[in-house]
There are 2 protein chains.
Amino acid sequence: MNNKGFSIGQVAKQARVNVETVRFYEREGLIQRPERDTGMYRQYAPEIISRIKFIRRSKNLGFSLKEVRELLDLRRIPGTECGEIKQRFQEKITELDKKIEDLIRIKTVLAELANACNGVGSLDFCSVRESLEAQVDQDR
Amino acid sequence: MNNKGFSIGQVAKQARVNVETVRFYEREGLIQRPERDTGMYRQYAPEIISRIKFIRRSKNLGFSLKEVRELLDLRRIPGTECGEIKQRFQEKITELDKKIEDLIRIKTVLAELANACNGVGSLDFCSVRESLEAQVDQDR
DNA sequence: CTTGACTCTGTAGTATAGTACGGAGTATAT
DNA sequence: ATATACTCCGTACTATACTACAGAGTCAAG
C-alpha cells in the first residue's frame, strides 16, 4: 500500500455506509472508478465522502439512484450547451420545490393531528379526516 | 351491487394507483378493510382517496410504508395518553423539518452547479466539488 | 340470458437497492 | 513467518413495494 488516499474501508466508515455499498455505487456509475494502488486497492480522494453522503441524502428524500445519477451527471453531458444544462437544473430545482411543498403539507397534517388531541384518551377522528382531506386534489 | 360507495376501481382511478396497489395497501394495514356490498365487492368512503394520496406523497418523500403506517397509526395507540401522542407527533415533525433542510441543501447545490456554468461548454469541476463539500459533516 | 367489464382470492413475478459470502490476494503487527 | 485485518471480484441472497396473472364469481346492458 502506498497511502496517498483513503481506502474503501475508511471511506465507508466516514460516509456511514458499508464497503459493499461503495462498490455497488461504483458499479452503478454513481461514483467514479478510483485509482488503484500497487496492490490493486482502491484509493479515494476525500471528496468521495461528501458525494456518497449526497447520494444517501437524496435517496432518503425519495430520489431513486437513477435520479441521483441523472442529477450528478447533469454537469457533464457531452456537447451540451450551457443554457440547456441550466435549463435542466432549473427543472430539477422545480421538482425539489414541489417536494418541499409536499413535506410542509404533511407537516401541517401532523401538526393538526397533534392538536386534535386535546382531551384525555383517544383522538377525534373528524379532525384527522379533515387534515387528510385538505390534501385532496393536489394531484401528485 | 348496492352502490353506497366507491368501487375499488373508482378509488384506484381517482387516487392514480392501480387496483392491485389498493388491495396491497389493505393487506399491509395502511388502509382499513372496507365494508363489502352484497356481492362481496369492496365499498369505499371518499376519504380513502386522500388517504392513498397521502401514502403516495409520503413514499415519494422517502418514507417507507412501515413509516407511513406508524405515522397514520399515531392517533390511535390504545391506552396512550394525549401528551405522549403529541410527543410522538412532535418527533415526526422534527424529522420532517430535517428533511426539508436536506432538500433545501440539495437545492442549493443544484443552484450553485447551475451558476457554475457561465462560459460555453463544460462546467468548472471545482465549484461542483465545493458545492458537494459544503454538505460534509451534516451527518445524516 | 349472454356478453363484456369489473371484482374476488391467492400466488407468482419483477425492479430497486442493497447485503452477505466464498475464495483468493495483500498489508501490518508481533 | 504467521496471525489478523483488510481488500479483491463475482455471485447469490434479501427486503421492499409493487405488478401481473389465473381461475372464479358478479353486474349492467342489450
Side-chain angles (χ1 to χ4, degrees), chain A residues 1-45 48-49 51-72 140, chain B residues 1-45 48-49 51-72 140:
Chain A
M1 233 243 246
N2 47 359
N3 53 337
K4 27 169 139 169
F6 290 127
S7 72
I8 194 167
Q10 290 171 317
V11 166
K13 193 171 180 182
Q14 289 214 56
R16 290 156 198 263
V17 296
N18 57 36
V19 169
E20 286 92 342
T21 302
V22 179
R23 279 198 293 259
F24 173 69
Y25 285 168
E26 185 184 313
R27 274 204 305 286
E28 295 294 308
L30 285 150
I31 55 179
Q32 276 188 275
R33 293 170 194 285
E35 299 288 297
R36 301 297 180 106
D37 69 5
T38 48
M40 287 301 277
Y41 283 16
R42 287 170 179 81
Q43 289 283 301
Y44 292 100
I48 196 73
I49 294 155
R51 179 139 182 171
I52 292 170
K53 284 186 183 176
F54 179 86
I55 297 167
R56 292 252 115 185
R57 221 178 337 254
S58 302
K59 260 234 62 204
N60 187 251
L61 290 161
F63 290 100
S64 67
L65 292 186
K66 193 183 165 207
E67 287 172 309
V68 179
R69 189 172 35 229
E70 279 167 18
L71 225 59
L72 289 165
R140 201 205 101 83
Chain B
M1 230 238 248
N2 47 358
N3 53 337
K4 25 168 140 174
F6 290 127
S7 72
I8 195 167
Q10 290 171 317
V11 166
K13 192 170 183 184
Q14 291 214 55
R16 289 156 198 264
V17 296
N18 58 34
V19 169
E20 287 92 341
T21 303
V22 179
R23 280 198 291 257
F24 173 70
Y25 285 168
E26 184 184 314
R27 274 203 304 286
E28 295 295 308
L30 285 151
I31 55 179
Q32 276 189 274
R33 293 171 193 284
E35 299 288 299
R36 301 298 180 105
D37 69 6
T38 48
M40 288 301 277
Y41 284 15
R42 287 168 179 83
Q43 289 282 301
Y44 292 100
I48 197 74
I49 294 155
R51 179 141 182 171
I52 292 170
K53 284 187 183 175
F54 179 86
I55 296 167
R56 293 251 114 186
R57 218 173 346 250
S58 302
K59 261 233 60 204
N60 187 250
L61 290 161
F63 290 99
S64 67
L65 291 187
K66 194 184 164 204
E67 286 172 310
V68 178
R69 190 172 33 229
E70 278 167 19
L71 225 58
L72 288 165
R140 202 207 100 82

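Just so it is clear, the structure is predicted and the values come from calculations on it, not from any experiment. Residue numbers start from 1 in every chain, and the chains themselves are labelled A, B, ... in the order their sequence lines are given, proteins ahead of strands.
The CD atom of A:Glu26 lies 8.5 Å from the CD1 atom of A:Ile48; values are rounded to the nearest 0.5 Å. Annotation: the span from B:Arg51 atom CZ to B:Tyr25 atom OH amounts to 12.0 Å, rounded to 0.5 Å. Here the straight-line distance linking atom CG of B:Leu65 with atom CD of B:Glu28 works out to 7.0 Å at 0.5 Å rounding.
The nearest whole Å value for the distance from the NZ atom in A:Lys13 to the P atom in D:dC6 is 9 Å. Between the CG atom of B:Asp37 and the P atom of C:dC8 there is a distance of 8 Å, given to the nearest Å. The nearest whole Å value for the distance from the CD atom in A:Gln10 to the P atom in C:dA27 is 14 Å. Between B:Arg27 atom CZ and D:dT19 atom P there is a gap of 12 Å when expressed in whole angstrom units. Taking atom CD of residue A:Gln43 and atom C1' of nucleotide D:dC8, one finds them 14 Å apart after rounding to whole Å. Between the P atom of D:dC18 and the CG atom of B:Leu30 lies a distance of 9 Å, rounded to the nearest Å. For B:Asn18 and C:dT14, the CG to C1' distance is 14 Å, given to the nearest whole Å.
Residue-to-nucleotide contacts include a donor-acceptor pair under 3.5 Å from the side chain of A:Tyr41 to the base of D:dC6.
Residue contacts for B:Arg42: at a heavy-atom cut-off of 4.0 Å it reaches the sugar-phosphate backbone alone, with no base atom in range.
A:Ser64 has no side-chain polar atom (N or O) that falls below the 4.0 Å cut-off from OP1 or OP2 of C:dA15.
For A:Thr38, the side-chain atoms get nearest to C:dA27 when compared with the rest of C:dA27, C:dT7, C:dG18.
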